[in-house]
2 protein chains.
Amino acid sequence: MEQIRNVIKNMINISDDEMKNLLSFCFIKKFKKKEILSHPGVIPSEIFFINEGIIRVLVNDPAGDEHTIHFALENQFIADYSCFIQHQPSLYTLQALEAVICVVMPRSVIEWGYRELKQGDKLGRLIAEFYFIYQDNRINNQYIRSPKERYNSITQVFPNIHNRVPQHMIASYLGITPIHLSRLKKEND
Amino acid sequence: MEQIRNVIKNMINISDDEMKNLLSFCFIKKFKKKEILSHPGVIPSEIFFINEGIIRVLVNDPAGDEHTIHFALENQFIADYSCFIQHQPSLYTLQALEAVICVVMPRSVIEWGYRELKQGDKLGRLIAEFYFIYQDNRINNQYIRSPKERYNSITQVFPNIHNRVPQHMIASYLGITPIHLSRLKKEND
DNA sequence: TGAAAATCTAAACATTTGTTAACGCTTTAA
DNA sequence: TTAAAGCGTTAACAAATGTTTAGATTTTCA
């Protein structure tokens, strides 16, 4: 629990007692490569914190095709946070792309944190703000940058992604076909 | 200040004294149609709450073209929130599309609220979560719905938008050209 | 280890979307 | 009140991106 402790400590002031209590409600869980952490249609009951490995978030469109909408890396929180907040059935699938070791924070822990931690709401605010900024940047890029430009700068958001994720998932994340990404790479030379 | 009072009351528990103090730091400001509320390049120093009117958020790409990335309606908070949080020069322009009456919340008020209000951080968390959900939905739609489908459902997000905003700005928001939107509408019949 | 699955690239063709130019209509503002 | 600006549509053409099919290579896992 060393990693999550450090991440939280960097965001809020929290006493050793508070931290001990908070983490006593959490537990470690491991997933094999390709395993599903969270299925669509189920109301999310937990948030994951990644100690090791990489997780992709994907959604299926009405035609049944998969779209990779996000990658989550080490030391990040991940969930279908939108549905988690709204107590709604999840739209997304969370899948381990490598063997994953993560900390599971059940919903009851989050709620306990908001109630009992002095800076619980602040922690929630900072995390929501963090992902808001990430999304804002994404949406902005969608308007002002071409797929090629977005491809060329993807490592700024996901360092080392090219060595950890198949190219066709990156294409999917960029909103283009793998064939088209192949073409764009060729142009780059 | 009746509207903002109601919106805040619906989000958190706040005493009459707290509310009085909070709003005493805020003030009403009016903008004419087409007037700019906030310019790019300036670190945002305030958040606006719209009593009346409609505001569009736009960004200029490197080629100098405008992209409408958001509309803000009555009873909503609006700012370049990402840059506001990060204390960075704004990327966006905020422009009144109608005569606007709004409440201005200076940064000092927000910071005061986080320090002094019992549920200040909770209010911040709920607002950040609200916009996170909005953005998540947008990003999701980008992957699984066509421009035409997004056009057909735009009133779910912006009620009455067609009577308040020129069509070419809606096209811009959807990420397509006005000519193309015109074509899509024709197909709809 | 070896067969099956996954991955990347390529070419040919199809579809979608953008660009330019033109026209009529409405709104704006001097 | 009237000239100018803004708006929505259309057509013809251009560019970007998707689809299908195929083949070569690498990875997976039984």
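Naming convention: chains lettered A, B, ... in sequence-line order (proteins, then strands); numbering from 1 in each chain.
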*asked:* Going by ring-ring contact (aromatic ring centres under 6.0 Å, His included), name the residues that satisfy it together with Phe158(B), two or more places apart in sequence or in a different chain.
replied: His70(B), Phe71(B), Tyr173(B)

*Any side-chain N or O of Thr177(B) less than 4.0 Å from the OP1 or OP2 oxygen of dG18(C)?*
yes

*Considering residues at least two apart in sequence or located in another chain, which fulfil the salt bridge (charged side-chain N to carboxylate O under 4.0 Å, His left out) criterion with Glu46(A)?*
none

*Short side-chain donor-acceptor distance under 3.5 Å, Ser153(B) and Glu149(B)*: no

*Using five pairs at either end of the helix from dT1(C)-dA30(D) to dA30(C)-dT1(D), determine the angle between the two local helix axes and round it to 10 degrees.*
60°

*asked:* Rounded to whole Å, please give me the gap between CD in Glu98(B) and C1' in dT28(C).
replied: 16 Å

_Nearest-Å distance for atom pair CD/C1', residues Glu66(B) and dG6(D)_ = 13 Å

_Within the 4.0 Å heavy-atom criterion, would you say Lys33(B) contacts the bases, only the backbone, or no part of the nucleic acid?_
sugar-phosphate

*Evaluate the ring pair (Phe, Tyr, Trp, His ring centres under 6.0 Å) criterion for residues Tyr81(B) and Tyr131(B): first the C-alpha distance (whole Å), next the side-chain angles of each, then the deciding distance (0.1 Å), finally the verdict.*
CA-CA 10 Å; Tyr81(B) 197 44; Tyr131(B) 284 104; 7.1 Å; no

*Can you pull the ring pair (Phe, Tyr, Trp, His ring centres under 6.0 Å) pairs that have at least one residue in residues 8-34 of chain A, sequence neighbours excluded?*
Phe25(A)-Trp112(A)

*Over how many whole Å does the gap from Leu184(B) atom CG to dT9(D) atom P extend?*
11 Å

*Below 4.0 angstrom, N of the basic side chain to O of the carboxylate: do Glu35(B) and Lys29(B) qualify?*
no

*Can you check the Leu174(B) CG to dG18(C) P distance for me, whole Å?*
11 Å

_Between Arg138(A) and Gln135(B), is there a side-chain heavy-atom distance shorter than 4.5 Å?_
no

_Once ring pair (Phe, Tyr, Trp, His ring centres under 6.0 Å) is applied, what residue pairs with a partner in residues 84-109 of chain A remain, sequence neighbours excluded?_
none

*What is the distance from CZ of Arg145(B) to C1' of dT16(C), rounded to the nearest Å?*
19 Å

So which protein N/O to nucleotides 4-10 of chain C N/O distances come out below 3.5 Å?
residue: dT7(C); atom: OP2; partner: His168(A); partner atom: NE2; Å: 2.9
residue: dC8(C); atom: OP1; partner: Gln167(A); partner atom: N; Å: 2.9
residue: dC8(C); atom: OP2; partner: Gln167(A); partner atom: N; Å: 3.2
residue: dC8(C); atom: OP2; partner: His168(A); partner atom: N; Å: 3.2
residue: dT9(C); atom: OP1; partner: Lys185(A); partner atom: NZ; Å: 3.3
residue: dT9(C); atom: OP2; partner: Gln167(A); partner atom: NE2; Å: 2.6
residue: dT9(C); atom: OP2; partner: Ser182(A); partner atom: OG; Å: 3.0
residue: dT9(C); atom: O5'; partner: Ser182(A); partner atom: OG; Å: 3.1

